[in-house]
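Report on one structure; see the data block that follows.
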Amino acid sequence: MKDTLLVPFSFAIDTVNGTLAPERPPVQRRLDDMKTAYAQETSGDDLVYEVRQIDVPTTNSNLLSSTTTLYPGKTNGEYYMTKGHFHQKRDRAEVYIGLSGEGRLLMSSESGEVVVEEMRAGSVNYVPGGWAHRSVNVGEEPLVFYAVYIADAGQDYLAIEHQGGFPVIIVEGENGPEAVPNPRFQQA
Ligand code: S6P
Ligand code: ZN
């Protein structure tokens, strides 16, 4: 079948707050939406992050992209973070481009390997297929980044829930943010 020919388009990103022009409605995640994501159960209506997606058809080898604005804060000593996911189609890769703030990108494979990378304005993180990814705001300002990925990737949040999160969590240590073992993690 012949691919649909899309018309080229452009957006402008506000790199400090992650909003788009033309505007896109944000998906919002509050503590209440992620009660079991943290090592200790949490709740509350505090806004943790917002995602604004530039929609394209999820077929025909398009690239989906979005901004994430992850607010600063902590719950039970853990920095605010995204839920985190594997891609539903495990081999789909993704690129993260840091726009502002300071964060950590937590990546883990299905066999439990872990890699933690830094995120800041100008950072580029490559997430290969097969690696779950979660971003964490370790600074005082919103962490804003742009993500680009193959449009049919999909997000598998359940696999992360089933294994009790990621193998490590990011907490404030004596010398700043540090990764420590997640007491809830169970190798799938
Ligand atoms: C999508 C990409 C990001 C995240 C966003 C929120 O593949 O990795 O756009 O969706 O940062 O994270 P999460 O884990 O709630 O989808
Ligand atoms: Zn992803």
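First listed ligand is number 1; within each ligand, the first listed atom is number 1. Since this is a predicted model, take the numbers as computed values, not measurements.
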Within 4.0 Å of some non-hydrogen atom of F145, the atoms of ligand 1 are 11 (O)
- What atoms of ligand 1 come closer than 4.0 angstrom to any heavy atom of V51?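 Taking each heavy atom of V51 in turn, ligand 1 has 5 (C), 6 (C) under 4.0 Å.
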Would you find a donor on one side and an acceptor on the other, under 3.5 Å apart, between the side chain of N182 and the backbone of I169?
-> no
Got more than 12 heavy atoms from elsewhere within 6.0 Å of [atom1], [X]?
X: E23; atom1: CD; answer: no
X: Q155; atom1: CD; answer: yes
X: E110; atom1: CD; answer: yes

Can you check which of [options] brings a heavy atom nearest to [atom]?
atom: atom 2 (C) of ligand 1; options: Q53, E94, Q155, R92; value: E94
atom: atom 16 (O) of ligand 1; options: Y146, Y157, Y149, Y49; value: Y157
atom: atom 10 (O) of ligand 1; options: M34, E50, H85; value: H85

Which bit of H133 is near ligand 1, meaning a heavy atom under 4.0 Å away: side chain, backbone, both or neither?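 Side chain only.
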Starting from [atom], locate the nearest protein heavy atom and write down its residue, its atom name and how far away it is, to 0.1 Å.
atom: atom 5 (C) of ligand 1; answer: T68 OG1, 3.3 Å
atom: atom 12 (O) of ligand 1; answer: T82 CB, 3.5 Å
atom: atom 14 (O) of ligand 1; answer: G84 N, 2.8 Å
atom: atom 3 (C) of ligand 1; answer: Y96 OH, 3.7 Å
atom: atom 9 (O) of ligand 1; answer: S66 OG, 2.9 Å

Note to self: Quick check on S135 - does any of its heavy atoms sit under 4.0 Å from an atom of ligand 1?
What the structure shows: no
Exercise. Would H87 count as a contact of ligand 1 if the rule is a heavy atom under 4.0 Å away?
Worked result: yes
Is [X] salt-bridged to [Y], cutoff N-O under 4.0 Å?
X: K83; Y: D33; answer: no
X: R92; Y: E94; answer: no
X: E172; Y: K74; answer: yes

| said: If you round to 10 degrees, what value do you get for the angle at the Zn ion (ligand 2) between H133 atom NE2 and E94 atom OE1? | reply: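 So the angle at the metal works out to 90°.
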**Message:** Using ring centroids (six-membered ring only for Trp), state whether Y96 and F145 fall under 6.0 Å.
**Reply:** yes
Considering non-hydrogen atoms only, spot the tightest contact between V48 and Y38 and give its length.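 Shortest heavy-atom separation between V48 and Y38 comes out as CG1-OH, 4.0 Å.
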